[in-house]
> 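Quick one: the structure is below, questions incoming.
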Number of protein chains: 2
Amino acid sequence: MKPVPAGDLSSAKAQPLGVRSLSMALRAEIEKMILHGGMPMGERLNENYFAEKFQVSRGPVREAFRALVEAGLVEFVPNRGVFVRQVSLDQAIAAYEVRAALFSMAGRLAARRRRKEEIIRLRGLVHDMDEAIEKRGGEGYYQLNLDLHATVMEAARNERLAATYQGLVKELHLFRAKNLDRMDHARVSNIEHAAMVEAIVDGDEVRAYETHFDHVMNARERVIEAYEDIA
Amino acid sequence: MKPVPAGDLSSAKAQPLGVRSLSMALRAEIEKMILHGGMPMGERLNENYFAEKFQVSRGPVREAFRALVEAGLVEFVPNRGVFVRQVSLDQAIAAYEVRAALFSMAGRLAARRRRKEEIIRLRGLVHDMDEAIEKRGGEGYYQLNLDLHATVMEAARNERLAATYQGLVKELHLFRAKNLDRMDHARVSNIEHAAMVEAIVDGDEVRAYETHFDHVMNARERVIEAYEDIA
DNA sequence: GATCTGTAGATCGTTGACAATCTGACTTCC
DNA sequence: GGAAGTCAGATTGTCAACGATCTACAGATC
């Protein structure tokens, strides 16, 4: 009955766009393409291209773009379109400082609000990362590192903080030198992790703040160094 | 000479919406209405209403809404529309903690990067606020307070930090108890300001962090108290 | 040979129309 | 009298088309 085109969206594209509104689903899909798919920085996002790719009109695509602009993943130029955002070293440095602010607060709150199971999990992660470095040549370290940071955020029990932090980390993915935090630093980094976790375990807010703050600011320094190597 | 179109838009529309794209201008305008105009919390924003009000089609209005959703000022419900966001006490508390993280970082960076003229300005503001309290019954205190916070942010010299902070402050405007930070606390508050400024002047990063952190967290406590009075 | 000008193609900005969905009130039935 | 079903009106979701703007390239001018 309905004048729906022969092949329906979800199956035709074989894309699990979800049940949300079309533009919300598109936003998530395009975001994934930018972050994981690896679209070149500065690349222009063509509205017609995405409209055809997902078999929708340009309206929802445009709405998805607006949301991505606000999220800081793309830049908008009137009458030109949107472009995958270029993140300069200076901007990355600034973002690391914001990250330090947020993450050190998370550590501080985690020290105040931690629960027994989180303490166990945190200590376990530090131990696993040690083993990943010493016994498996760094295999699996990256994921464990993400887990550790996520667990600290969880222990802080502040969703607003977690959401802001997440948005910032996404943005930092756009920085081309993101992968410069090499395995050389894993040992040093994990010593910092241990100090962070013990401060949380002790419930020492000030020490938790300091250790978490230093951890991110040290990462900031390493990024600067690494960048200068390739520049 | 460039082929300038006969009838140019800006005058034809006779709308001082600015030179940016239509949806960007709408976003700013609607945001102003929500924050200053005082739209009731939970109010639904009707697309047709805004389209007619600004003499545009619904497309740009919808795009403006998407941006406001991402900014956290309105909530989106599929097939229902967008609503002015309701901010609960719990959410406000969480937001104050994020604010403490950002502002204490600003204080810390300001202590590191301050310039002579900013020192003069900061001390002047604290002095003016004292006079506003003692000699003018609080007249002008509110604006001076905003100026002080803005000056600290400026001295921190981190645009990303400032932008994140600004977005958060906007969101806190949606909290109905926002005006509960009454003049009773101005004296205490300004003593805190003095401590903050002196820490920045001394270039003492740790003390700057602590004083700024405490200042926001104390404000958080006062909001909780005030909320309980009216609840 | 370099710069400027004009045109063509492509892309964005906006609009108005139509389909899908929801809200709220009225009717009907138990 | 209260609960469930039904229907009209209003609102949102999506689309296709038109007008405006920009980029790039070819040709003319100095």
Side-chain angles (χ1 to χ4, degrees), chain A residues 1-10 12-13 15 17-30 39 42-70 74-85, chain B residues 1-15 17-30 39 42-70 74-85:
Chain A
M1 282 298 110
K2 292 186 297 182
V4 173
D8 75 319
L9 302 176
S10 46
K13 275 285 113 182
Q15 283 284 18
L17 288 180
V19 293
R20 299 162 294 180
S21 97
L22 200 41
S23 64
M24 301 284 263
L26 281 174
R27 180 205 183 288
E29 207 62 27
I30 297 171
M39 308 200 55
E43 173 101 343
R44 192 176 90 248
L45 303 184
N46 186 304
E47 292 181 358
N48 282 316
Y49 170 77
F50 283 96
E52 284 183 28
K53 181 180 180 70
F54 295 110
Q55 291 292 315
V56 298
S57 180
R58 276 174 49 221
V61 174
R62 286 177 60 85
E63 290 183 6
F65 281 176
R66 295 295 163 171
L68 289 173
V69 168
E70 205 70 13
V74 300
E75 274 175 347
F76 173 82
V77 182
N79 293 317
R80 293 284 316 281
V82 300
F83 300 77
V84 177
R85 190 164 148 233
Chain B
M1 292 306 109
K2 290 188 296 182
V4 176
D8 73 321
L9 298 177
S10 48
S11 68
K13 283 274 128 185
Q15 280 287 15
L17 288 179
V19 292
R20 300 162 294 181
S21 97
L22 200 41
S23 64
M24 300 283 263
L26 281 173
R27 181 204 182 288
E29 208 63 27
I30 297 171
M39 308 201 53
E43 174 103 341
R44 193 177 89 247
L45 303 186
N46 187 306
E47 292 181 359
N48 282 314
Y49 170 77
F50 284 96
E52 283 182 28
K53 181 180 181 71
F54 295 109
Q55 291 292 316
V56 298
S57 180
R58 277 174 49 222
V61 174
R62 287 177 61 85
E63 289 182 6
F65 281 177
R66 297 294 164 169
L68 289 173
V69 168
E70 206 70 16
V74 301
E75 276 175 345
F76 173 82
V77 183
N79 293 317
R80 293 284 317 282
V82 300
F83 300 78
V84 177
R85 194 168 142 227

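Side chains included, hydrogens not; waters and symmetry mates left out as well; all remaining heavy atoms used. Proteins get letters first, then strands, A, B, ... in listed order; numbering begins at 1 in each.
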> Taking the side chain of A:Leu22 as heavy atoms from C-beta outward, which of D:dC15, D:dT14, C:dG16 is closest to it?
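It is D:dT14.
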> Quiz question: going by heavy-atom distance under 3.5 Å, is there a donor-acceptor pair between the base of D:dG13 and the side chain of B:Arg58?
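For B:Arg58, whose side chain was compared with the base of D:dG13, there is a donor-acceptor pair (under 3.5 Å).
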> Between B:Glu70 and A:Arg27, is the salt bridge (Lys or Arg N to Asp or Glu O under 4.0 Å) condition met? List the steps.
CA-CA 11 Å; B:Glu70 206 70 16; A:Arg27 180 205 183 288; 2.5 Å; yes
> Taking OP1 and OP2 of C:dT23, is either one under 4.0 Å from a side-chain nitrogen or oxygen of B:Arg80?
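Affirmative; the distance criterion is met.
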> Which listed nucleotide (D:dC22, C:dT21, D:dC15) is nearest to the side chain of A:Asn79?
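My answer, after comparing the listed nucleotides, is D:dC22.
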> What is the distance from CE of A:Met24 to P of D:dT14, rounded to the nearest Å?
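Distance, rounded to whole Å: 11 Å.
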> Base, sugar-phosphate, or nothing for A:Phe76, non-hydrogen atoms under 4.0 angstrom?
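Sugar-phosphate, no base atom in range.
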> Just checking, A:Arg85 and A:Phe76: is the charged tip under 6.0 Å from the six-membered ring centre and within 45° of the axis?
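Here A:Arg85 fails the 6.0 Å and 45° test against A:Phe76.
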> Can you measure A:Gln55 atom CD to D:dC15 atom C1' for me and round it to whole angstrom units?
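One finds 13 Å between C1' of D:dC15 and CD of A:Gln55, rounded.
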> Select one nucleotide: of C:dG16, D:dA16, D:dG13, the one nearest the side-chain heavy atoms of A:Ser57.
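Of the options given, the side chain of A:Ser57 lies nearest D:dA16.
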> Does D:dT12 have its OP1 or OP2 closer than 4.0 Å to a side-chain nitrogen or oxygen of B:Asn46?
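Yes, within the criterion.
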> Over all strands shown, is B:Gly59 touching base, sugar-phosphate only, or nothing at heavy-atom distances under 4.0 angstrom?
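Since a base atom lies under 4.0 Å of B:Gly59, the category is base.
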> Do you know the tightest heavy-atom contact between B:Ser23 and B:Pro60?
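The answer is CB-O, 3.6 Å.
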> So how far is it from A:Phe65 CZ to A:Ile30 CD1, rounded to the nearest 0.5 Å?
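If we round to the nearest 0.5 Å, A:Phe65:CZ and A:Ile30:CD1 are 5.0 Å apart.
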> Distance check needed: C:dT23 C1' versus B:Phe83 CZ, whole Å only.
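Whole-Å distance recorded here is 11 Å.
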> To the side chain of A:Glu47, which of D:dC15, C:dG13, C:dT15 is closest?
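Closest of the options to the side chain of A:Glu47: C:dG13.
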> Determine the contact category for B:Asn48: base if any of its heavy atoms lies under 4.0 Å from a base atom, sugar-phosphate if only primed atoms, P, OP1 or OP2 are that close, otherwise nothing.
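If one applies the 4.0 Å heavy-atom cut-off, B:Asn48 turns out to touch a base.
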> Give the nucleotide from the list C:dT15, D:dA16, D:dT11 with an atom nearest to the side chain of B:Arg44.
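The closest nucleotide is D:dT11.
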> If the cut-off is 4.0 Å, is B:Arg62 near the phosphate of D:dT12, judged by side-chain N/O to OP1 or OP2?
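Indeed not, no polar side-chain atom of B:Arg62 lies that close.
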> Once you round it to whole Å, what is the distance between C1' of C:dC12 and CD of A:Glu63?
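From A:Glu63 CD to C:dC12 C1': 16 Å.
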> Does A:Arg44 make a cation-pi contact with A:Tyr49 (under 6.0 Å, within 45 degrees of the axis)?
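No cation-pi geometry.
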